[in-house]
Amino acid sequence: AAKKAGRGHVLAFHHGLEDEINERRFIEQELRLALARGALTVAYQPIVAGDGLRMVGAEALVRWHHHARGNIPPGVFVAVAEQAGLMIELGEFVLRRALADARDWPDLFIAINLSPIQVRDRGLVRAVASALADSGIEPSRVVLEITEGVLIDNPEEAKLRLKELRALGVKIALDDFGSGYSSLSYLRRLPIDKLKIDKEFVSPLGRSANGGVILQAIVALGRALGLSVLAEGVETEEQRLLLRLAGCDEMQGFLFARPMPASSFLDSIRRGAARPTDVVTHAADEV
Ligand code: C2E
Ligand code: MG
Ligand code: MG
Ligand code: MG
């Protein structure tokens with residue numbers, strides 16, 4: 001019976017794997033079409049100052065609404081794009097779209113995620129320079145978010161590339177700090193301007209005493225290294241207060257606003273949304 005159960009298990013695993021491969025193939029094919037047809041969009045999530053009282057910028061987050069499947073999360077299709085050789089094209093689309101949209105926002109920075117694949121690409125610096133020039137945006141208003149994944153293959157090349165990007169006048173943020181394998185030494189090794197503390201460190205705030213201690217230490221460390229420190233995934237008023245006490249420079253999370261389409265984001269700016277409570281997304285806008 002044990003043997004039977006074992007074989008059944010193997011069979012189920014086999015089927016699971018096959019489904020997974022088919023699913024990936026499907027996503028890849030559909031993503032190719034979506035890119036070719038310009039079916040992807042970019043949503044923007046407000047980022048507020050540490051006092052939580054005014055918006056200072058926004059993060060660009062790619063969105064894909066599939067006609068049959070509905071919204072497919074970037075956590076799924078960005079990974080497929082990376083594996084299927086589509087990431088440079090996807091990244092270029094987000095870069096150009098976000099810079100064009102942000103040109104209309106007065107005094108706000110735009111943060112754009114870069115995949116490690118893009119950072120590894122020799123054409124990146126030229127692509128960013130050309131997108132900056134075409135949009136006419138002030139490079140100092142642009143933040144490029146990278147992850148520790150850029151260090152995996154060739155850390156020296158990654159560092160060089162980041163320095164070249166900074167020479168264009170843009171800022172570099174280390175995203176998702178504290179998730180995965182983050183080592184404190186990355187903070188010294190990478191040429192960065194800003195630290196984005198992962199929500200993993202923000203969500204325990206107010207729930208456990210230790211959570212607060214670790215977060216305070218990370219904020220202090222970042223600031224001591226001359227970095228601007230942003231906390232991601234702020235969802236409660238209690239978290240906001242503790243982060244403010246810890247000396248966080250900026251915050252981002254559902255407490256303030258969810259990612260929204262460019263048009264809604266622009267509307268909220270035009271309405272003069274100075275306080276985060278004014279930019280809180282209406283349910284219908286959520287993307
Ligand atoms: P990320 O860069 O860390 O982006 C923040 C993610 O956290 C977004 O998820 C955002 O919607 C979500 N978030 C914001 N506030 C809260 C909150 O208070 N609570 C919770 N639970 N979540 C919050 P999203 O849009 O699903 O994106 C997931 C990830 O996909 C991003 O994480 C980023 O790694 C990747 N991604 C998204 N857009 C792009 C892109 O244009 N290029 C690249 N390379 N990656 C992207
Ligand atoms: Mg990000
Ligand atoms: Mg992040
Ligand atoms: Mg994240």
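When a ligand or atom number is given, it counts from 1 through the structure's own listing order.
Taking every heavy atom of E235 and a limit of under 4.0 angstrom, the matching atoms of ligand 1 come to 17 (C), 18 (O), 19 (N), 20 (C), 21 (N). For ligand 1, the atoms closer than 4.0 angstrom to any heavy atom of K199 are 6 (C), 7 (O), 12 (C), 20 (C), 21 (N), 22 (N).
The cationic group of K194 does not satisfy the cation-pi geometry with F177, failing either the under 6.0 Å distance to the six-membered ring centre or the 45° limit from the ring axis. The cationic atom of R189 (NZ for Lys, CZ for Arg) does not lie both less than 6.0 Å from the six-membered ring centre of Y186 and within 45° of the ring axis.
By the 4.0 Å heavy-atom criterion, P259 is counted among the residues contacting ligand 1. Proximity of K196 to ligand 1 is not established, as no heavy-atom distance is less than 4.0 Å. Heavy-atom distances between M87 and ligand 1 reach below 4.0 Å in at least one pair.
Considering backbone and side-chain atoms alike, V62 places an N or O below 3.5 Å from some N or O of ligand 1. Considering backbone and side-chain atoms together, Q252 places no N or O closer than 3.5 Å to any N or O of ligand 1. The shortest N/O to N/O separation between L61 and ligand 1 does not fall below 3.5 Å. For the pair Q118 and ligand 1, the shortest N or O to N or O distance does not fall below 3.5 Å.
Between the side chains of R97 and S135, no donor-acceptor pair is found at a separation under 3.5 Å. At a cut-off of 3.5 Å, with distance as the only test, a side-chain donor of E82 or S115 sits close to an acceptor on the other residue.
Of all the heavy atoms of R63, the ones lying under 4.0 Å from any atom of ligand 1 belong exclusively to the side chain. The backbone of V234, and not its side chain, has at least one atom closer than 4.0 Å to an atom of ligand 1 (non-hydrogen atoms only; backbone = N, CA, C, O). The proximity of L90 to ligand 1, defined as any non-hydrogen pair under 4.0 Å, does not occur for either the backbone or the side chain.
In terms of modelled atom types and a separation under 3.5 Å, the side chain of D249 and the main chain of V229 share a donor-acceptor contact. Using modelled atom types, no side-chain atom of R103 and backbone atom of I137 make a donor-acceptor pair closer than 3.5 Å. A donor-acceptor pair under 3.5 Å is absent between the side-chain atoms of R63 and the main chain of M260, judged by distance alone. At distances below 3.5 Å, at least one donor-acceptor pair connects side-chain atoms of K171 with backbone N or O atoms of S140.
The closest approach of E145 to the Mg ion (ligand 2), by N/O/S atoms, is made by OE1.
Grouping the Ile, Leu, Val, Met, Phe, Trp and Tyr side chains by contacts below 4.5 angstrom, directly or via other members, places L195 with I172. L114 and L168 fall within a single hydrophobic cluster, where Ile, Leu, Val, Met, Phe, Trp and Tyr side chains are chained together by heavy-atom contacts under 4.5 Å.
The distance from the Mg ion (ligand 3) to the nearest N/O/S atom of D176 is under 2.8 Å.
Geometry note: the Mg ion (ligand 2) is the vertex, E59 OE2 and N113 OD1 are the arms, and the angle is 90° (rounded to 10 degrees). For E232 atom OE2 and D175 atom OD1, the angle they make at the Mg ion (ligand 3) is roughly 110°, to 10 degrees.
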